Amino acid sequence: MEVREKPYRDRLEGVLAPAMATAFQRLFDHELDASKLSFQSTRPEFEGDVTINVFPFLKVSGKGPEPTATVLGEFLQEHLSVVERFNVVKGFLNLVITDQYWLEFMQEAASTDILQFPANGNKVMVEYSSPNTNKPLHLGHMRNIFLGHSVSRILESTGHEVIRTQVVNDRGIHICKSMVAWQRFGNGETPKSSGIKGDKLVGKYYVEFDKAYKREIELLVAKGITKETADKEAPIMQEAQAMLLKWEANDPEVRTLWEKMNGWVYDGFNATYERMGVAFDKLYYESQTYVLGKEDILKGLEKGVFYKKDGAVWVDNTPEGLDEKVLLRSDGTSVYMTQDVGTAIQRFQEFPGLSKLIYTVGNEQDYHFKVLFLILKKLGFPWADELHHLSYGMVDLPSGKMKSREGTVVDADELIEEVVQEARKTGEELSKLDDFSEAERTELFEMIGLAALKYYLLKVDPKKRMLFDPAASIDLHGHTGPFIQYTYARTRSLLRKAGPDATNSVSLEQGNGTLLPEERAVIKLLHQFPGVLDAAATGLDPASLANHTYELVKTYNGFYQNVPVLKEEDPAKRAMRLTLSKAVASSTKKAMWCLGIEVPERM
RNA sequence: GGUCCCGUAGCUCAGCUGGAUAGAGCACCUGCCUUCUAAGCUGGUGGUCGUUGGUUCGAAUCCAACCGGGAUCACCA
């Protein structure tokens, strides 16, 4: 059997699997088919820690389920010191792992960061957020941003070097609309003069544009012009289109206004990002990247990867089960796909050694990315296989889909303020914070509110469409971020009271059978944590990490409620339980860091 | 119409490389604060895992068809 490539997957399996291979040689004179070997946690109603299912091996053993499991169990018990004893139920071999093993692992988890893997030399770029500059960030962006940010952290924890990036969609007809409306109706209003946050102000004029546009269409239709014609001929729309042309022609006046209004938006975005606790290492602006890709497409045309039809350049993806797609219009201009091709190429040139590029973009663009990756593969770039679309589902509201046109979007700033206020309300009611200064309270409530929101959005499988329930998102009880924070604060409280040396006298020499079920359950979840992190990194899935963290702290709460720690008189047991609390504290803190969530010392 | 995704408790979600009696949270009912933080813990109610077939020792999990919901398929971005 080969050495496992992923030592973090599960350490026990790393010991058990080779022993199983040896057992197969000796007992059955057969190679073990490792793909059929599966380990699972023993169900709580049976005795044991790890369960091996022997059904797949009955042909090889030539025996029934029970005898097969029994001989394997005897072999493992005899050859592995970590196997204390075993029992067999039907085809299930339940192994009891020694307390010694669990205690040693606990000690390690308390003294080292089990959720930090060594650097592996891989450089990964993660793109997320990527907003338009004509309106403020909303709930949809929040899922995107928290996801991308969390994935970045998870990748860092598993040893990758991460470059966080966003493409700011700063050009195009949408921003021209805001600009035209501001010119017409703004009377020189600025964020400073109005006290309105920059992105909100520009968003306001985007809405003003739409209103004026609709009025003009109505007027034209009233004059007997068809709706279709009116859509095109409304003066304000023509003005916006003229402005876009001027922008492209580098008209100084338009460019100045554009820079001014985009500047307002960036100030607004940055304030929101800062409150969210996210940041980027590298920004791309579409005003600079939209010209990219044209030459790459032409090169592809020369190589015969693409073809010309009616003056336009096409790619034929029908052999791959997709469609044909235009890459350059017959007038030679680019489409959206063109610049995405060019941008990807540029990034790999700019960052030599970049091994992976992850796009955090909604699943409505699944097809787009399929085509993009395929085109880059056809162009022969070896890194084309390392492109990933982190595709996430839309966020629905109880009232249905979010639509910016219909004003049903949930504004990011408002939502954050709401959850923070809710945290404040609850926090003040519980009145545990009498000695906190106002500044400390504010910081704490900010932390708790954001935890509620981030955890709420991250605990659901990213791939799935999810429902945003406002009441549930500000809930601080149950399966929530604040619940996890609360448990962390409990562990910190214990450790503070115990003093700095409290965990020093922990003894690993305790006899087997002394570990309580509550203690063992917590340690086992800690033991699984590195494997969960590894899987989360591989699957770009913060939800699995979020759910495991919840399971851990929930189990710890059961321990806390039923087993004395500080009040335990036996110094060895007391030290052990404090060490366990320390391990839970540090792992929980790190896991929450991976989710982009901070944890408080007290709450 | 083609392609892709999703249907699990009243609601929101886990579980899905096939394994033992399908799990949480919310909601509802029930106990536990003179004791380490009750933002907690305990017990209970609640399921044809969309439907039907197939694969097999074994299917919520894999395959097919169907039903229901969504996305996407522009010389748009």
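Here is the naming used below: chain letters follow the sequence lines, and residue numbers restart at 1 for every chain. The model shown is predicted, which means the values in this text are computed figures rather than measured ones.
B:rC32 has its base anti relative to the sugar, with a glycosidic angle deviating from 0 by more than 90°.
Taking the C1' atoms as reference points, B:rU55 lies 16 Å from B:rG19, given to the whole Å.
Ranking B:rG19, B:rA20, B:rA38 by closeness to the A:Thr42 side chain, first place goes to B:rA20.
By the salt bridge (Lys or Arg N to Asp or Glu O under 4.0 Å) test, A:Glu446 is found to be paired with A:Arg275, residues two or more places apart in sequence or in another chain being considered.
Contact between the side-chain N/O atoms of A:His477 and the OP1/OP2 oxygens of B:rG25 is not found at any separation under 4.0 Å. For A:Lys459 and B:rA24, the shortest distance from a side-chain N or O to OP1 or OP2 is not below 4.0 Å. At least one side-chain nitrogen or oxygen of A:Lys432 sits closer than 4.0 Å to the OP1 or OP2 atom of B:rA39.
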Point to revise | Bracket string, RNA chain B, 5' to 3' - pairs by Watson-Crick or G-U geometry under 3.5 Å, | interstrand | key: (((((((..((((.....[...)))).((.((.......)).)).....(((((..]....))))))))))))....

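Remark: C1' of B:rC41 and CD of A:Glu518 are 12 Å apart, rounded to the nearest angstrom. What separates CZ of A:Phe92 from P of B:rG58 is a distance of 14 Å, to the nearest Å.
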Exercise for review: Treat primed atoms plus P, OP1 and OP2 as sugar-phosphate and everything else as base, then score nucleotides 70-77 of chain B 5' to 3': B for base contact with protein heavy atoms under 4.0 Å, S for sugar-phosphate contact only, - for none.
Suggested key: SSSS-BSB

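Note that A:Arg171 lies in the cation-pi zone of A:Tyr290, set by a 6.0 Å cut-off to the ring centre and a 45° limit from the axis.
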